[in-house]
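In what follows, a single structure is set out as structure tokens and then discussed.
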Amino acid sequence: MRGPKPPPIVLTPTQRVVLGRLARRQTGAQRLVRRARIILEAASGANNDQIATLLGIDRGTVRTWRMRWLEALPRLKAAEKRAGGDGDDD
């Protein structure tokens, strides 16, 4: 049975660049790489089940990081604005 559609994630160009760099890292914390990939896949329109299957992780992990990203979004946009980025893009 299908559940509700997960909330969409829309990335600013700056966020997409930063997450892309993190996702391509060969060294460093692989947890961070996985989290970046989750958000990038979510922003591309994939649902939690699709992301979990693609990355070989639990659907609950995807749901957790999608929600954490959405909860942090106001702070992320404010930080981009302070840094002179494009935090106003939706």
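Keep in mind the model is a prediction, meaning the values are calculated, not measured. We're numbering straight along the sequence, starting at 1.
Note that CH2 of Trp69 and CZ of Arg35 are 12.5 Å apart. Values are rounded to the nearest 0.5 Å. Rounding to the nearest 0.5 angstrom, the gap separating the CZ atom in Arg66 from the CG atom in Asn48 is 4.5 Å. The distance from the CZ atom of Arg37 to the CD1 atom of Ile51 is 10.5 Å, given to the nearest 0.5 Å. Going from atom CG of Leu19 over to atom CZ of Arg24 covers 10.5 Å, rounded to the nearest 0.5 Å. Separation of atoms CD1 (Ile9) and CD1 (Ile39) is listed at 4.0 Å; rounding is to 0.5 Å. The line from CZ of Arg63 to CG of Asn47 is 11.5 Å long, rounded to the nearest 0.5 Å.
Closest of all the heavy-atom pairs between Arg25 and Gln30 is O-NE2, 4.1 Å. Summarising the geometry of Gly45 relative to Gln50, their closest heavy-atom pair is O-OE1, 4.4 Å, with the distance given to 0.1 Å. Nearest heavy atoms, Ala23 versus Leu40: CB-CD1, 3.8 Å. When every heavy atom of Leu22 is checked against every heavy atom of Val33, the shortest pair comes out as O-CG2, 3.3 Å.
Both Leu32 and Val18 belong to a single network of hydrophobic side chains, linked directly or stepwise wherever heavy atoms of I, L, V, M, F, W or Y lie under 4.5 Å apart. Leu54 and Trp65 end up in the same hydrophobic cluster when Ile, Leu, Val, Met, Phe, Trp and Tyr side chains are linked at under 4.5 Å.
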Next item on the list: Check the pair Leu55 / Thr61 against side chain to side chain contact (heavy atoms under 4.5 Å, CB included), numbers first and verdict last.
Entry: CA-CA 11 Å; Leu55 301 180; Thr61 301; over 6 Å; no
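Listed by first and then second residue, the salt bridge (Lys or Arg N to Asp or Glu O under 4.0 Å) pairs that reach into residues 41-57 are Asp49-Arg59, sequence neighbours excluded.
Between Pro6 and Met67 there is no side-chain heavy-atom pair separated by less than 4.5 Å.
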